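Take a look at the structure set out below.
Chain identifiers are assigned alphabetically (A, B, ...) following the order of the sequence lines, protein sequences preceding nucleic acid strands; residue numbering begins at 1 within each chain. None of the values given here were measured: they were computed from a predicted structure.
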There are 2 protein chains.
Amino acid sequence: MTSVPVPPWRAERKKAPRRSLSREAIVTAALHVVDAEGLDALSMRRVAQELDTGAASLYAHVANKEELLELLLDRIQADVTRPEPDPERWQEQIKELARQGRGALVAHRDLARAAIGQGIPFGPNALLNAEAMLAILKAGGLSDQVCAYGVDALALFITATAVEESLRSQGFGESGVTLDEQIVRIREYFGSLPPEGFPHITGMVDALMRDEGDERFEFGLDLLVSGLARHAPA
Amino acid sequence: MTSVPVPPWRAERKKAPRRSLSREAIVTAALHVVDAEGLDALSMRRVAQELDTGAASLYAHVANKEELLELLLDRIQADVTRPEPDPERWQEQIKELARQGRGALVAHRDLARAAIGQGIPFGPNALLNAEAMLAILKAGGLSDQVCAYGVDALALFITATAVEESLRSQGFGESGVTLDEQIVRIREYFGSLPPEGFPHITGMVDALMRDEGDERFEFGLDLLVSGLARHAPA
DNA sequence: CCTGTTGGACGAACGCCGTTCGTGTTAAAC
DNA sequence: GTTTAACACGAACGGCGTTCGTCCAACAGG
């Protein structure tokens with residue numbers, strides 16, 4: 001039986017066995033898409049394309065797009081480092097954790113938008129972070145109820161400011177307009193409002209539009225943390 | 001020329017001239033859809049159906065769906081009543097305005113979800129409400145910058161808690177499961193976590209899941225307002 | 001009264017989307 | 001070597017936002 005070459009049009013019909021698909025790989029691919037093209041570009045077809053396959057193949061590993069988003073959000077929570085609670089420094093530790101949580105979100109374009117409207121996050125990393133925050137608040141001497149409401153308010157604030165930031169740094173979704181142009185435009189609009197009807201808005205344009213690094217976030221964060229501190233025993 | 005009745009199959013080919021379409025009517029119809037079926041059911045086709053027409057007809061009055069959502073959000077802001085600033089009561093007035101803003105959102109199912117990720121609202125009612133908030137804060141003696149960051153933080157908090165509330169009261173988007181069942185389920189899940197890994201979550205289940213009216217919202221609101229008060233002159 | 005113009009109404013279609021179904025393929029179990 | 005169960009995946013379904021071309025009602029000018 002001499003070996004006969006197979007007809008070329010039959011050989012190599014599949015280049016690879018493609019046995020590589022997995023939850024992890026899918027989430028990683030989805031994160032690549034979000035980082036490269038933004039949340040709106042994240043579709044099942046687009047993720048599948050990233051993996052050289054079809055959209056249907058994803059459903060063997062992921063229930064639906066919503067679950068994929070949950071996995072995505074939990075994945076990025078993995079890179080916050082949780083400090084050992086130090087009762088003396090609980091306020092600064094809370095702030096540091098909040099900064100990291102926000103940083104993890106804004107590091108991935110407008111992914112934060114997916115975090116809103118997703119209910120309580122139950123992923124393993126989300127739970128670890130929540131536990132860490134509760135531990136720090138508790139170390140600060142706060143009551144259970146204040147701790148509970150506190151993490152809730154902080155989580156809300158972190159997510160909301162992350163969304164705001166991603167909108168701010170992405171030209172407000174409009175195309176063909178740079179961020180600076182858009183800001184100038186808004187300033188002009190605010191300035192052009194009738195001063196008799198909007199004395200404060202027109203009078204505070206500079207303060208309203210001010211955007212110096214993380215000042216906005218830090219201001220709100222301090223509001224919350226120092227408010228929580230007032231609930232701590234003297 | 002005696003008047004001859006037109007053949008019945010020719011008469012009334014169109015029941016009405018349908019000259020009724022307008023921006024106002026479209027926004028009203030859209031609000032009906034959201035109130036009746038939720039934000040996910042709000043499509044251009046669905047709104048058009050509500051007006052006995054086709055989706056294409058809407059585009060003569062509304063640029064696109066995004067603009068329709070903006071109009072919708074501004075419409076519901078119309079029913080907050082803005083108090084005359086009273087420097088003696090500025091904290092309570094801010095809280096009252098915040099409660100109304102949140103109330104307007106949660107009164108329309110999960111419409112709040114559309115408010116996130118929409119940038120700064122520029123509608124007339126939104127501007128009036130922002131102006132009113134600035135006026136009250138200013139009457140409280142706060143600096144321009146504190147006023148500006150303050151309204152921002154308050155607006156973020158109002159929207160975020162409204163979204164949270166709408167999720168909470170709508171069974172977390174899952175179908176066929178009542179709200180109470182879902183809450184019980186979450187409590188069980190939290191309770192079943194390994195206590196050595198999650199001592200605080202497992203120890204605070206009751207505090208974490210507590211849902212007594214607007215306690216959560218009022219707690220966070222007081223955090224923010226009393227934090228702002230610390231920036232006021234003594 | 002006729003005619004020309006114009007702006008809104010609207011059916012059909014385009015290119016997306018999330019998801020499902022049926023079939024093909026392959027690697028492990030027997 | 002054969003069976004079996006899990007995975008891969010093309011095709012299709014119903015729905016979406018939006019655009020295009022056509023149609024028609026109402027008005028303007030003669």
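Protein atom CZ of Arg46(A) is 10 Å distant from nucleotide atom P of dC17(C), rounded to whole Å. dG18(C) atom P lies 10 Å from atom CG of Leu69(A), rounded to whole Å. For Glu66(A) and dC17(C), the CD to C1' distance is 16 Å, given to the nearest whole Å. The separation between Leu58(B) atom CG and dG11(C) atom C1' is 14 Å, rounded to whole Å. Atoms CG (Leu39(B)) and C1' (dG17(D)) sit 15 Å apart, rounded to a whole Å. Counting to the nearest Å, the P atom of dC16(C) and the CD atom of Glu37(A) are 13 Å from each other. Going from atom CG of Asn64(B) over to atom P of dC16(D) covers 17 Å, rounded to whole Å. Counting to the nearest Å, the C1' atom of dG15(D) and the CG atom of Leu42(B) are 14 Å from each other.
Listed nucleotides dC21(C), dG18(C), dA8(D) differ in distance to Lys65(A); the shortest reach to its side chain belongs to dG18(C). In the set dG18(C), dT18(D), dA12(C), the nucleotide with an atom closest to the side chain of Met44(A) is dG18(C).
You'll find the side chain of Glu67(B) reaches within 4.5 Å of the side chain of Asn64(B), heavy atoms only.
Positionally, the nearest nucleotide of DNA chain D for Gly54(A) lies more toward the 5' end than for the other of Gly54(A) and Asp40(B). Between Arg45(B) and Ser22(B), the residue anchored nearer the 5' end of DNA chain C, judged by the nucleotide with its closest heavy atom, is Ser22(B).
Residues that satisfy the salt bridge (charged side-chain N to carboxylate O under 4.0 Å, His left out) test with Arg102(B), not counting sequence neighbours, are Glu165(B), Asp214(B).
Residue Ser57(B) places no side-chain N or O under 4.0 Å from the OP1 or OP2 atom of dA9(C). Side-chain N/O atoms of His61(A) include one lying less than 4.0 angstrom from OP1 or OP2 on dA8(D). Between dA8(D) and Thr53(A), no contact under 4.0 Å exists linking OP1 or OP2 to a side-chain N or O.
In summary, the side chains of Asn125(A) and Arg75(A) do not present any donor paired with an acceptor at a separation below 3.5 Å, with no hydrogens or angles considered.
Leu68(A) comes within contact range of no nucleotide atom at all, as no heavy-atom separation falls under 4.0 Å. Across all strands shown, Ser43(B) has heavy atoms under 4.0 Å from sugar-phosphate atoms exclusively, and none from any base.
Under 4.0 Å is where a charged nitrogen must lie from a carboxylate oxygen, and between Glu218(A) and Arg99(A) at least one such pair does.
Among residue pairs with one or both ends in residues 147-161 of chain B, those qualifying as side-chain hydrogen bond (donor to acceptor under 3.5 Å, both in side chains) are Glu215(A)-Tyr149(B), Arg216(A)-Asp152(B); sequence neighbours excluded.
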